[in-house]
Amino acid sequence: MAQRTALYQVHVDAGAKMVDFGGWDMPLNYGSQIDEHHIVRKDAGQFDVSHMTVVDLHGAQTLDYLRHLLANNIDKLASVGKAMYSCMLNEQGGVVDDLIVYYLGDTDCRVVVNASTREKDLKWMGTQAAGFDVELTERADLAMIAVQGPNSREKFAATLSASERDQAMALGKFSAAAIGDLFVARTGYTGEDGFEIMVPGDAAAKLWRKLNEQGVANCGLGARDTLRLEAGMNLYGQDMDEATSPLISGLTWTIAWDPDDRHFVGRDVLEKQRSDGVDSKLVGLVLEDRGVLRHGQKVITADGDGIVTSGSFSPTLGKAIGLARVPKGAAESAHVDIRGRQLAVRFVRPPFVRDGEAKI
Amino acid sequence: MSEIPSELRFAESHEWARLNDDGTITIGISDHAQSQLGDLVYVELPEVGDEATAGDAIAVVESVKAASDVYSPISGEIVAVNDDLADAPERVNESPYDDGWLYSVQPASEGEYDAMMDSDAYAESLDDE
């Protein structure tokens, strides 16, 4: 049987269409996924993301361990509570997973990895911890609610006491703080402002309902996918995986090359790719014709074929968009094979939409 | 509970058929089907003059989530298609049995329509799903 989050019953009571998502029974939508998408762009919506895996790191060598494990550099996080996006790579420079790491002090960090990769991630992180004075503790006791949208911060803050409210509203982008029982981070996966809130599982339903009372709409994983795609954010397993380097996945910006002597896992291969050059790249696609781009469709360019890694309909733009891995030299436009018809697509630099506005 | 009009016939693959006074048959997808698909964002229809073969894919309905084939329950020549769906595919969600019709066919024979499920049988088949 699929696993259930602490909010399972809340979703069922709200009439959610539940689907299997990486072994979890999760809400796909609560009616219309397009309406849910628009509400996050214009107002505020909440997502149950409790299926994601939270791991706490503790020990004298926590930072040394992360300097070894992550392609991005934990030393960029100068103050307590700051967060950073990073990949962890295998020895071949492929992406084991992408994650968010929170710096909570020199002996404590928190890492959030994907749900569908939980087992292999825990195993990998455990193996890589050998020789470091660091202890890894999975926090399955925590639920997680993402509150996203231009009005989401105010609406969440309204559920707090006066002093907690000030703390929450004072959080800078990509910063987190413990507020009461909650761990509140100003992060997200939608391209909108908002918070990701870790809450003890037994308090999650109460917080969800309080957010409803403030006018925060329930949103499912369907809307979460179209929102992240419009925001130009990669999805692990589709846009990158263990066989693809960050350099061909639009993630070069997440690699901290400096200092030269930080030997993170996969660095040797990346250095070689960097000097030799890579043969492909990840681009954004816009379909000008009617139709829908889908994962796996063939992209035909003058420089050879590529593949759509993520594709969907963009509710904000009213047309199909996608991400695609194409030959490095491919320029500006191409065709995508949709059921035997070749339709013209334009290359764009993601994001497609950010903070409610079209960027292309 | 999805709506199942009693004057229509249904296919196992969730298409509906309406026998019109002029002998043509109009085809769409059921309320149950649109609800399972979720918000439709694109509908690919045949062209007038195309030949439909019963059981073969004749149209595609795409939701945000996925693309699904529509199988023609009736063989014959396509005599009309719902062009309004190009700009408003959501009509299939909002009005699956009316504004959201897909196409009409001049049936090559009478037997295929008669062999389709009536509303009671369709309702029963949904209960079994």
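Worth saying up front: this structure is predicted, and the values here are computed from it rather than measured. Here is how names work: the chains are called A, B, and so on, in the same order as the sequence lines, proteins then strands, and each is numbered from 1.
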Student: Under a 4.5 Å cutoff for heavy-atom pairs, which residue among Pro89(B), Ala86(B), Ala67(B) has the most contacts with chain A?
Tutor: Ala86(B)

Student: Non-hydrogen atoms of chain A under 4.5 Å away: do they reach the side chain of Asp87(B), the backbone, both or neither?
Tutor: both

Student: Look up atom CD1 in Ile34(A) and atom CD in Glu90(B), then write down how far apart they are to the nearest 0.5 Å.
Tutor: 8.0 Å

Student: Would you indicate whether Glu332(A), at its atom CD, is surrounded by more than 12 heavy atoms from other residues, nucleotides or ligands within a distance under 6.0 Å?
Tutor: no

Student: Is the number of heavy atoms from other residues, nucleotides or ligands under 6.0 Å of Glu7(B) CD greater than 12?
Tutor: yes

Student: Tell me, side chain or backbone of Val60(B) under 4.5 Å from chain A's heavy atoms, or both, or neither?
Tutor: side chain

Student: So with a 6.0 Å cut-off around CZ of Arg339(A), is the heavy-atom count from everything else above 12?
Tutor: yes

Student: So which part of Arg290(A) gets closer than 4.5 Å to some heavy atom of chain B, the side chain, the backbone, both or neither?
Tutor: both

Student: In terms of heavy-atom proximity below 4.5 Å to chain A, should Ala66(B) be classed as side chain, backbone, both, or neither?
Tutor: backbone

Student: Do you know which two heavy atoms are closest between Arg294(A) and Ser63(B), and how far apart they sit?
Tutor: NH2-O, 2.7 Å

Student: Give, as side chain, backbone, both or neither, the part of Ser32(A) having an atom under 4.5 angstrom from any heavy atom of chain B.
Tutor: both

Student: Is chain A contacted by the side chain of Glu62(B), its backbone, both, or neither, given a heavy-atom distance below 4.5 Å?
Tutor: both

Student: How long is the gap from OH on Tyr42(B) to CG on Leu287(A), to the nearest 0.5 Å?
Tutor: 8.5 Å

Student: Taking the side chain as every heavy atom from C-beta outward, state whether Val292(A) and Val64(B) have any atom pair closer than 4.5 Å.
Tutor: no

